[in-house]
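Convention: sequence-line order gives letters A, B, ...; per-chain numbering from 1.
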There are 2 protein chains.
Amino acid sequence: MKQDILNAACSKCSLSETCMPQGFSSDGMTKLSAIVATRLRIRQGQSLFKAGDPFASLYVIRSGFFKTSLTESDGREQILGFQMVGELIGLDGIVNESHSCNAKALEDSEVCAIPYTDLERLSKEHSALQHHMHQVMSHEIVRENGVLMLLGNMKAEERLATFLLNLAQRQHVRGFSQSELQLRMTREEIGMYLGIKLETVSRLFSKFSAEGSIDVKKRYVKILNPAYLKSIGDKQPHL
Amino acid sequence: MKQDILNAACSKCSLSETCMPQGFSSDGMTKLSAIVATRLRIRQGQSLFKAGDPFASLYVIRSGFFKTSLTESDGREQILGFQMVGELIGLDGIVNESHSCNAKALEDSEVCAIPYTDLERLSKEHSALQHHMHQVMSHEIVRENGVLMLLGNMKAEERLATFLLNLAQRQHVRGFSQSELQLRMTREEIGMYLGIKLETVSRLFSKFSAEGSIDVKKRYVKILNPAYLKSIGDKQPHL
DNA sequence: CGGAACATTGAGAGGGATCAATGGACGTGG
DNA sequence: CCACGTCCATTGATCCCTCTCAATGTTCCG
């Protein structure tokens with residue numbers, strides 16, 4: 001895993017609002033900046049870490065796009081989530097001091113590595129940071145709860161619609177378009193996340209497109225009728 | 001939600017090994033014991049909290065059995081997990097200071113309520129406690145990752161087998177039988193957890209029983225052939 | 001230009017859902 | 001003590017959503 005190491009400077013970072021607790025003292029900010037010493041460059045297709053790797057740091061995505069996944073002994077892969085700018089990866093490693101999932105870059109990316117022991121030490125002095133960590137972890141739990149609902153109760157059509165709307169919404173929060181998506185993952189990866197096969201994903205894209213709900217051209221997707229996509233679950237019986 | 005309030009004493013509690021960080025100072029133990037002031041009695045069918053309730057405390061199960069679930073606006077319910085003695089409930093509430101899921105007792109139960117603000121304050125002074133909290137949250141994330149794999153990649157048969165083995169294993173860790181289960185939930189609730197219908201659950205119980213893998217009599221289940229149940233995923237193509 | 005990776009589309013099969021009927025267990029009230 | 005209703009579990013018949021297998025098309029890159 002070859003990586004370029006850059007220098008990080010949290011105080012100048014445009015992500016400081018998402019990444020840092022709000023109301024964080026400038027003293028705390030300086031110290032946090034000090035421990036976030038390294039910024040890594042991960043190329044498309046490279047792994048940030050793999051299941052079994054020793055856990056040392058959490059990673060904040062500076063730029064780029066990742067997937068995290070779990071691989072069974074027999075090769076089956078479940079994608080746990082797609083992470084974009086400002087999101088955190090690596091929380092799975094804390095329990096056993098080794099990672100239990102894989103994190104792979106779906107495009108050339110940069111991440112800030114936050115050494116976990118340093119972070120723990122610093123969060124002891126700064127309540128805001130401590131609370132922020134709890135919030136981030138709780139947020140991840142709540143996010144996964146939503147995915148459980150998706151996988152346990154929704155049909156393929158509703159899953160894909162939910163997925164597209166979620167991507168668009170997260171982009172929107174980051175100041176990008178709410179309706180236009182440039183997908184970073186293959187149909188197969190979408191399927192591995194949604195618990196359906198790639199052919200089903202492809203068929204549904206075609207179906208949505210034929211209905212006029214979206215406009216698809218390979219990885220480019222434009223959401224034309226978000227209200228309809230949201231309502232898919234209402235109109236059909238459930239899984 | 002009527003609840004009896006009892007007094008708690010962590011230092012005397014038989015759960016202190018699971019509940020407390022190892023290597024926790026006796027001073028810390030005493031202080032933690034002080035904030036875990038209340039022990040609640042929740043009867044079968046009662047809710048400990050519901051989605052939307054303000055978040056105040058985490059809860060450790062002293063005795064009994066719970067389910068946590070997410071309810072969609074249209075009434076669909078996804079069970080997120082079943083919790084038994086020594087396990088923690090309520091982490092979902094930290095992010096938004098209100099709970100996002102429901103927690104209901106499946107049998108008469110007792111829980112220790114740990115006020116969250118007190119816990120945060122105390123964990124500032126005690127690194128071991130702080131680290132313990134991180135581990136517990138990370139553990140929950142890793143657990144949910146496993147459920148995602150189950151829902152996303154496994155067929156019904158494998159899901160149910162995995163579920164039974166998981167229950168048995170957790171019982172075993174707590175000193176109970178590794179092979180005999182007294183289920184606390186209905187077939188429908190098992191299905192709502194595994195993403196399948198209650199009829200399918202029932203049919204699979206019958207199938208496993210006919211194969212000699214388990215012995216079923218209503219809520220009583222005895223695992224006769226754990227190795228076979230573990231291997232179900234190998235022999236059939238996946239979802 | 002040819003190959004690899006990705007995407008689309010069709011035909012057929014199958015696993016689980018759905019609809020429906022039956023039976024046991026349990027508690028309540030006559 | 002039995003009758004009755006309710007809740008839960010079992011089992012059958014049928015349907016349909018999604019998987020599987022397969023062929024073809026597109027894009028990109030060596």
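- The neighbour count for B:Glu97 CD, taken as heavy atoms of other residues, nucleotides or ligands under 6.0 Å away, does not exceed 12.
- Between B:Lys197 atom NZ and D:dT18 atom P the separation is 13 Å, expressed in whole Å.
- For the helix from C:dC1-D:dG30 to C:dG30-D:dC1, the axis fitted to the five pairs at one end and the axis fitted to the five pairs at the other end meet at an angle of 30° (nearest 10 degrees).
- Applying the 6.0 Å contact sphere to NZ of A:Lys104 captures no more than 12 heavy atoms from other residues, nucleotides or ligands.
- More than 12 heavy atoms of other residues, nucleotides or ligands sit less than 6.0 Å from atom OH of B:Tyr220.
- Rounding to whole angstrom units, CD of residue B:Gln44 and C1' of C:dC26 are separated by 13 Å.
- The distance from the CG atom of B:Leu204 to the CG atom of B:Leu160 is 5.5 Å, given to the nearest 0.5 Å.
- Remark: B:Glu107 does not engage B:Arg43 in a salt bridge, criterion side-chain N to carboxylate O under 4.0 Å.
- Rounded to whole angstrom, the span from the CZ atom of A:Arg219 across to the P atom of D:dT27 amounts to 14 Å.
- In this structure, CG of A:Leu194 is placed 11 Å from P of D:dC19, rounded to the nearest angstrom.
- Taking atom CD1 of A:Ile214 as the reference point, atom C1' of C:dA7 lies 14 Å away to the nearest angstrom.
- For B:Glu158 and C:dG16, the CD to P distance is 11 Å, given to the nearest whole Å.
- In this structure, B:Leu204 places its CG atom 13 Å from C1' of D:dT11, rounding to the nearest Å.
- In the set C:dT8, D:dT20, D:dC8, the nucleotide with an atom closest to the side chain of B:Thr186 is D:dC8.
- Evaluation of the ring-ring contact (aromatic ring centres under 6.0 Å, His included) test over residues 186-207 of chain B, restricted to residues two or more places apart or in two chains, returns B:Phe82-B:Tyr193, B:Phe163-B:Tyr193.
- Using a 4.5 Å cut-off on side-chain heavy atoms (C-beta onward), A:Phe55 and A:Ile94 make contact.
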N/O to N/O distances under 3.5 Å, protein versus nucleotides 9-11 of chain C:
unit_1 : atom_1 : unit_2   : atom_2 : d
C:dT9  : OP2    : A:Ser206 : OG     : 2.5
C:dG10 : N7     : A:Arg203 : NH1    : 2.8
C:dG10 : O6     : A:Arg203 : NH2    : 3.1

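- A salt bridge does not link A:Arg203 with A:Glu199: every distance from a Lys NZ or Arg NE/NH1/NH2 to an Asp or Glu carboxylate oxygen is 4.0 Å or more.
- In summary, A:Glu87 and A:Arg170 engage in a salt bridge, as defined by a charged side-chain N under 4.0 Å from a carboxylate O.
- Distance from the side chain of B:Lys155 is smallest for C:dG15 among the nucleotides C:dG15, C:dA17, D:dA9.
- Within the structure, every side-chain polar atom (N or O) of B:Lys218 is placed at least 4.0 Å from both OP1 and OP2 of C:dG24.
- With rounding to whole Å, B:Ile196 atom CD1 is found 13 Å from C:dT18 atom P.
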